[in-house]
> 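Take this structure, written in structure tokens, and hold onto it; I'll ask about it next.
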There are 2 protein chains.
Amino acid sequence: MTVTVAAAERLMRIGEVARGAGVSVRAVRYYEQQGLLIAERSPSGQRLYRQDAIPLVRFFQEMFAAGLTSRRITELLPCWDAGHTDAGQRAMLRAERERIQAKIDDMQAALDHLDEVIAITDTHP
Amino acid sequence: MTVTVAAAERLMRIGEVARGAGVSVRAVRYYEQQGLLIAERSPSGQRLYRQDAIPLVRFFQEMFAAGLTSRRITELLPCWDAGHTDAGQRAMLRAERERIQAKIDDMQAALDHLDEVIAITDTHP
DNA sequence: CTAAAACCTGACGCTGGCGTCAGAGGCAAG
DNA sequence: CTTGCCTCTGACGCCAGCGTCAGGTTTTAG
């Protein structure tokens, strides 16, 4: 007979999450305020995070770097941690994908232009 | 005997520049305020631009999209329209190039991650 | 037990590329 | 002349992701 025991997951406080993900404590609090990262609370009111908080914060950083806002990320979170996803969310995923791709293309064009300038200034000191 | 005559270049007012480059009039004024785009003035004080103002504004837009600030662009302008370039400026060019490349790599990583999520949500409706 | 380190809740500040409103002057056409 | 569009100079507003200070509680190390 097998008994499923709730694995006493080791909970972290906010500082550990921040250091682990390479962001500031302030940033982690901000994510909670924006509804990105929900934390449990200790009896004294301190935030307690599960292990997956760190990769999650890293994911947020990646999305921020890609130009998504925290609001967009909250709207897309259901696609991420649940299998539950409706047509609207899939459409948003695709739309964001296109926006990122377009931005990459723009930046690549800018890079090519800059490389031209560099080539000129190098051969033409 | 050849005589060089200053070609009476057709000058544009700010609206034409803005429409031609696809930005707002406000944006063009802002570029001047930041020292990016110097305009002559008509006797009544209106800004007058040469033809190359339009590609120049487009270039600014491209650099903004790549994450450069107007200050950086002003610092790099001498490399652009003059052959004059010192070692410091060439170093800055390279530094900006690296920053842009790094940002592109980050965004590509984000895009790949998003594509994974999209693949999951598609095969797992 | 005590001091340091970590955490808490507000709340204001900052940056950058403009948008936008206010109030006043230019400029070609009918 | 006047109508209507363009332009001018300030100057304040905005947004997003935090930084940062204030003033207080909690946890931990020695």
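Values reported hereafter were calculated over all heavy atoms of this structure, with side chains retained and with hydrogens, waters and symmetry mates removed. Each chain gets a letter, A, B and so on, in the order the sequences are listed, and its residues count up from 1.
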> Can you check the R72(B) CZ to dG16(C) P distance for me, whole Å?
11 Å

> Which nucleotide wins on minimum distance to the side chain of Y30(A), given the candidates dG17(D), dC12(C), dG19(C)?
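Of dG17(D), dC12(C), dG19(C), dG17(D) is nearest to the side chain of Y30(A).
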
> Measuring to OP1 and OP2 of dT26(D), would you say a side-chain N or O of S42(A) lies under 4.0 angstrom away?
no

> Taking the side chain of S44(B) as its heavy atoms from C-beta onward, which of dC27(C), dG19(D), dA11(D) lies nearest to it?
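In terms of side-chain proximity for S44(B), the closest of dC27(C), dG19(D), dA11(D) is dC27(C).
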
> Taking atom C1' of dC18(C) as reference, at what distance in whole Å does atom CD of E32(B) sit?
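Checked: the CD to C1' distance equals 15 Å.
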
> Tell me the interatomic distance from L37(A), atom CG, to dG17(D), atom C1', rounded to whole angstroms.
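Distance check: L37(A) CG to dG17(D) C1' gives 15 Å.
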
> Give a yes/no on whether any side-chain N or O of R47(A) is located under 4.0 angstrom from OP1 or OP2 of dT9(C).
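Yes.
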
> Would you indicate which nucleotide in dC8(C), dA16(D), dC18(C) comes nearest to any side-chain atom of R41(A)?
dC8(C)

> Taking all non-hydrogen atoms of both residues into account, name the closest pair between D122(A) and R90(B) and its distance.
OD1-CD, 3.4 Å

> Do the charged groups of R13(B) and E16(B) touch, with an N to O distance under 4.0 Å?
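Looking at E16(B) together with R13(B), the answer is no, because their closest N to O distance does not fall below 4.0 Å.
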
> Between dG17(D) atom C1' and Q33(A) atom CD, what is the distance in whole Å?
11 Å

> Taking the side chain of T69(A) as its heavy atoms from C-beta onward, which of dA16(D), dC18(D), dT20(C) lies nearest to it?
dA16(D)

> Between L11(A) (CG) and dT27(D) (P), how many Å, whole number?
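So the CG-P distance, L11(A) to dT27(D), works out to 14 Å.
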
> Phosphate oxygens OP1/OP2 of dG19(D): is one of them under 4.0 Å from a side-chain N or O of S24(A)?
yes

> Quick one: CD1 on I38(A) to CZ on R47(A), what's the gap to the nearest 0.5 Å?
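I38(A) atom CD1 to R47(A) atom CZ measures 12.5 Å (nearest 0.5 Å).
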
> Could you tell me the separation between the CD1 atom of I14(A) and the P atom of dT27(D), rounded to a whole number of Å?
15 Å

> Should the ring pair H113(A) and F59(B) be called parallel, tilted or perpendicular, given that the plane angle runs from 0 to 90° and is split at 30 and 60?
perpendicular

> Measure from CD1 on I73(B) to P on dC18(C) and round the result to the nearest Å.
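For the pair I73(B) CD1 and dC18(C) P, the rounded distance is 10 Å.
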
> Using every non-hydrogen atom in the two residues, find where T69(A) and F64(A) come nearest and quote the distance to one decimal.
C-CE2, 4.1 Å

> Using a distance-only criterion (donor-acceptor N/O pair, under 3.5 Å, no hydrogens), is the base of dT9(C) paired with the side chain of R29(A)?
no

> Given dT27(D), dC18(D), dC8(C), identify the nucleotide with an atom nearest to the side chain of R13(A).
dT27(D)

> Using a 4.0 Å heavy-atom cut-off across all strands, classify Q61(B) as base, sugar-phosphate, or nothing.
sugar-phosphate

> Does Y31(A) or Q46(A) map to a spot on DNA chain D nearer the 5' end, using the closest nucleotide for each?
Y31(A)

> Taking for each residue the nucleotide of DNA chain C with the nearest heavy atom, is it L68(B) or R26(B) whose nucleotide lies nearer the 5' end?
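This one resolves to L68(B).
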
> Just the rounded figure in Å: distance from P of dC7(C) to CD of E40(A).
16 Å

